[in-house]
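Note on naming: letters A, B, ... go to the chains in the order of the sequence lines (proteins, then strands), and numbering restarts at 1 for each one. All values below were derived from every heavy atom in this structure, side-chain atoms included, with hydrogens, water molecules and symmetry-related copies excluded.
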Number of protein chains: 2
Amino acid sequence: MWKLHFNFLRYQVAPVVASCAVRLSSSSSNEQRFHQHGFSWTRALAGILAGTGVVLACGLHQTVQMRSSLPVISQAEVAKHRSLKDGVWVTYKGGVYNITEFVAMHPGGDKIMLAAGGSLEPFWTLYAVHNQDHVLEMLSLYKIGELSAEDLKKQRDVKSSDPYSSDPERHPVLRPNSLKPFTAEPPPEILSDSYITPSVFFFKRNHLPVPQVDPASYRLHVEGLPGGVLTLSLEDLKTRFPKHTVTATLQCAGNRRSEMNKVRQVKGLNWGIAAIGNATWSGAKLRDVLLAAGYGPDVTQWARHVQFEGLDKDITGTAYGASIPIGKAVSEDGDVLLAYEMNGEDLPADHGFPVRVVVPGIVGARNVKWLGKITVSTEESSSHWQQNDYKGFSPGTDWDTVDYKSAPAIQELPVQSAITTPAEGTVIDRSAEMLTVKGYAWSGGGREVIRVDVSLDGGKTWQVAQLKSSDKEEDPQTPPPLGRAWAWKLWEITVPLPPEAQELEIICKAVDNSYNMQPDTFAPIWNLRGVLSNAWHRVKVKISEDNGEE
Amino acid sequence: MWKLHFNFLRYQVAPVVASCAVRLSSSSSNEQRFHQHGFSWTRALAGILAGTGVVLACGLHQTVQMRSSLPVISQAEVAKHRSLKDGVWVTYKGGVYNITEFVAMHPGGDKIMLAAGGSLEPFWTLYAVHNQDHVLEMLSLYKIGELSAEDLKKQRDVKSSDPYSSDPERHPVLRPNSLKPFTAEPPPEILSDSYITPSVFFFKRNHLPVPQVDPASYRLHVEGLPGGVLTLSLEDLKTRFPKHTVTATLQCAGNRRSEMNKVRQVKGLNWGIAAIGNATWSGAKLRDVLLAAGYGPDVTQWARHVQFEGLDKDITGTAYGASIPIGKAVSEDGDVLLAYEMNGEDLPADHGFPVRVVVPGIVGARNVKWLGKITVSTEESSSHWQQNDYKGFSPGTDWDTVDYKSAPAIQELPVQSAITTPAEGTVIDRSAEMLTVKGYAWSGGGREVIRVDVSLDGGKTWQVAQLKSSDKEEDPQTPPPLGRAWAWKLWEITVPLPPEAQELEIICKAVDNSYNMQPDTFAPIWNLRGVLSNAWHRVKVKISEDNGEE
């Protein structure tokens, strides 16, 4: 799912500029560039903004021209255009569009080709992020004709049902980032109110409609091992393998993306600081299941990855998928679970009922929900989400230059922390005298957070917060085993209000036991997908002098 | 070893202020504070600097007074003062000093008590960092008498030999940070000239004199396991266990301390960017030796740490010591070696001949040289270097407030990188048109460096450097096994000189495969010992227009 705000201007203007610029300078070397999947369009746009008004005027003229007196085209003709070679045509609400030039720019990658030669509507129902005005405006630039009335009637007769209609009810306190698929986070202050995040408030991040799974007929298939396919029922999972319980924090790769968005627009859900939660998970160890399925020393020689496939599927039947390195999967200390309980109860529908993978210390995206298949392999998952998403890039890499193969799939996450209270813009009464600041801190890979520094003066001076590993007043302080600190720490600090200050810039930053620290600012870690957003969290509050006087 | 520049003023003035301030305000609550091991002396000093000239004048007066007409004291009398209760007296070059008040402030901790009741000279010969003017000035504040002529003659008759006299020769290109013990680093540009750092140029960091070890009579003792003590000769190590070779980068915890020093003075050797090197180490696996000594599942139940003791000892017989977590020591993938070769040859004397520990991914200080004893234990090493050194603290923690127990001993190091060429202040001829920037990048814990970003404009824009894992033109790019990336990457990038710029601020920052990144600046990671100094490396160069004109 992608938000397209920033790139709208580029997409809207670029094709127009392209054909127009070719006319204006057809003898220059620019021509070829413009047709290389938009490689240089950003530069072309920069040129326009720098003042080549002629080109822009030409572009607008052409847009108007394209919308008038378009031919009628049959569905049969549209269906012939299903490749870059033949052109890529689609229909939408009775219009026919030649989107060949747009294919390379599609934020969702090659998936757009699934719609080639047919109607966009069912895909846009599935990926509801498309239902925005600027997407429609962008599409309008590619219009080449009107679908014949007969074919349009046929299309409308095929009733498209909403694949999200059986999604579960959610708690109204959640703040959705998108409804289809459903993604939402709780208000931040809820996070620090409870060491274990209640399931109902735990952030939701679905990629597809929630599948309806009958626990009685549920089967998990384990493939790729010498013994052939092992098929397990839910009952098998619960009775044939010891039940293990692990308290682990899961965090979305895009947590805190909204802060990175303020530097420069990125593509992705505009998460606040609460796309993270800490729960108790129970289930069979993946290690135990793999051993039962035939994993052994001979497999160690060749196996590199364990792939997971969800039962959540798009309309083409493609399931959500991800993989993790085999070492993590089979390690005794890796604590990877095939979980059937969250916080002591059956998994909720939004969290993967009846079985999900929980990979402690690893980015949320690999913790596949509604688990249907496990495959031991020499290769990573080939899914879109493993190969062309959930990777980090340099701030200098943009959509024109990105090579997804050049970066490893995110697995372990970097050290993270945020302030859950007070909220940005809070006004504190001077008469309160003391201020309590609370938050969470966590690091990937089982690295324990050992310290959180808090500043009230924008980073000039720092104090050490108190760390908590439970809700008890007297924190037990039994440290987790080294390298297995899967759960976050909550932290708090109570400090006197600085006597002179009228505004405070509160900052927190965490340190883990590899002594890695959070970067200071977002611009240098900016990346086009807005993942790994872990610079210092900053919250400004005001101190009011009023009440004391009255 | 500690440098005391910054604290000199505090130490010099504080005791004087103490006694004086007590007189001036003996009825205030300050009195008690001043006697609590200097807890509030920093604040007292701040008060002085803010303008309480009376106190300062009083202090200077008292200093002069203390130096005149001092009594003659016998060695027998001095020897009675060996505790905080009875007072701590020492002698130095015929003077007698009551250093009771200084004990709590000694940067070297309780070790100062070893000198109580006797002469400082032999200790200061061993810890030559004391031989600086400001240390002598500080000492002079505590003078209470003159040693009797008879006892002074006796002391002088005991010829103190230099324990460093048998240290090996070193290459003159090395830049020493201290001579006794010997610590030195190569010129930075040497680092990026060779993927494997030649042993002779590899940074040296001794804590004590280099011990003379006869390889024929060398014995390694392995203790703490059910089978009793296992004693191994060098021949045993070489013949009874398979020989493994690992290419691993070692880095001193204090590498790049000089940059942190610019923020605010810290205590420690003023390392540049070259207290790091990459070598090929060969030896027996620690795991194999521990298994031979009786390590097994029963030991796993209770053992937590593996302690190492060097054959390098101070004059009291205390050996250098450190420990690592048992998980790292016994893991098949941990690759911990008892190394007897460095870069294909016998270990050099400065690097631990005949046997040292190499703990890949872990701070240099735990890679104990001249290894004499291994102890499997429930506890960490009790050595000074494990308990009261090599730990990281908040920038808000100072020598008055530091609690060494509150921080874990450094083991894995955070992600690091630096620019080896061009050097700071280089003038580049505009006619060169292109600029090549080179450096190194590494991360602790076996985390592979996946990207280095380079900026020429102080961090506004970034480009991705080319990573190298060998000296070959065509880098093989065979990635190390996940979690076992022990060796650094060299990197370089060649870029056009920006046409307008007259000065460039070049910056590099590395990212490892947990997507941890280096922090932007030093002030927020400042810590009183100046360790873990891994903020962005910045190098300023000038572009000269001259030569093109001439």
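Using a 4.5 Å heavy-atom cutoff, the side chains of B:E492 and B:V454 are not in contact. A:R529 places a side-chain heavy atom less than 4.5 Å from the side chain of A:D389. Considering only heavy atoms from C-beta on, B:I506 comes within 4.5 Å of B:L435 through its side chain. Contact of the A:W442 side chain with the A:W486 side chain is not registered, since no non-hydrogen atoms from C-beta on lie closer than 4.5 Å. Using a 4.5 Å cut-off on side-chain heavy atoms (C-beta onward), A:W526 and A:L528 make contact.
Comparing B:P408, B:G396, B:A535 by how many heavy-atom pairs each has under 4.5 Å with chain A, the most go to B:P408. The residue among B:W536, B:Y515, B:W462 with the most heavy atom pairs within less than 4.5 Å of chain A is B:Y515. Your options are A:S406, A:P519, A:S394, and the one with the most heavy-atom pairs under 4.5 Å with chain B is A:S394. Between chain A and the options B:T397, B:D512, B:I450, heavy-atom pairs under 4.5 Å are most frequent for B:I450. Among A:T521, A:I525, A:N513, the residue with the largest count of heavy-atom pairs under 4.5 Å with chain B is A:T521. Per-residue counts of heavy-atom pairs under 4.5 Å with chain A were compared for B:R451, B:M517, B:Q463; the largest is that of B:R451. Heavy-atom pairs under 4.5 Å with chain B were tallied for A:V464, A:V415, A:L482, A:N534; the largest tally goes to A:V415.
When heavy atoms are compared at a cutoff of 4.5 Å, B:T461 does not approach chain A at all. Residue contact with chain A, scored on non-hydrogen atoms closer than 4.5 Å, involves the backbone and the side chain of B:I410 alike. With a 4.5 angstrom heavy-atom cutoff, A:K328 does not touch chain B via any of its atoms. Only the side chain of A:R447 comes within contact range of chain B, judged by heavy atoms closer than 4.5 Å. Contacts between B:L413 and chain A at a heavy-atom distance below 4.5 Å involve the backbone alone (N, CA, C, O).
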Start with the C-alpha distance between A:S323 and A:Q386, add both sets of side-chain angles, then the distance that settles side-chain hydrogen bond (donor to acceptor under 3.5 Å, both in side chains), and finish with yes or no.
CA-CA 7 Å; A:S323 62; A:Q386 189 83 17; 3.3 Å; yes

Report the C-alpha separation of A:R366 and A:Y390 in whole Å, then their side-chain angles, then the decisive distance to 0.1 Å, and conclude whether the side chain to side chain contact (heavy atoms under 4.5 Å, CB included) test is met.
CA-CA 10 Å; A:R366 314 300 170 212; A:Y390 295 121; 3.5 Å; yes

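When the options A:Q518, A:K489, A:H537 are evaluated for a side chain to side chain donor-acceptor pair (under 3.5 Å) with A:S417, the one that passes is A:Q518.
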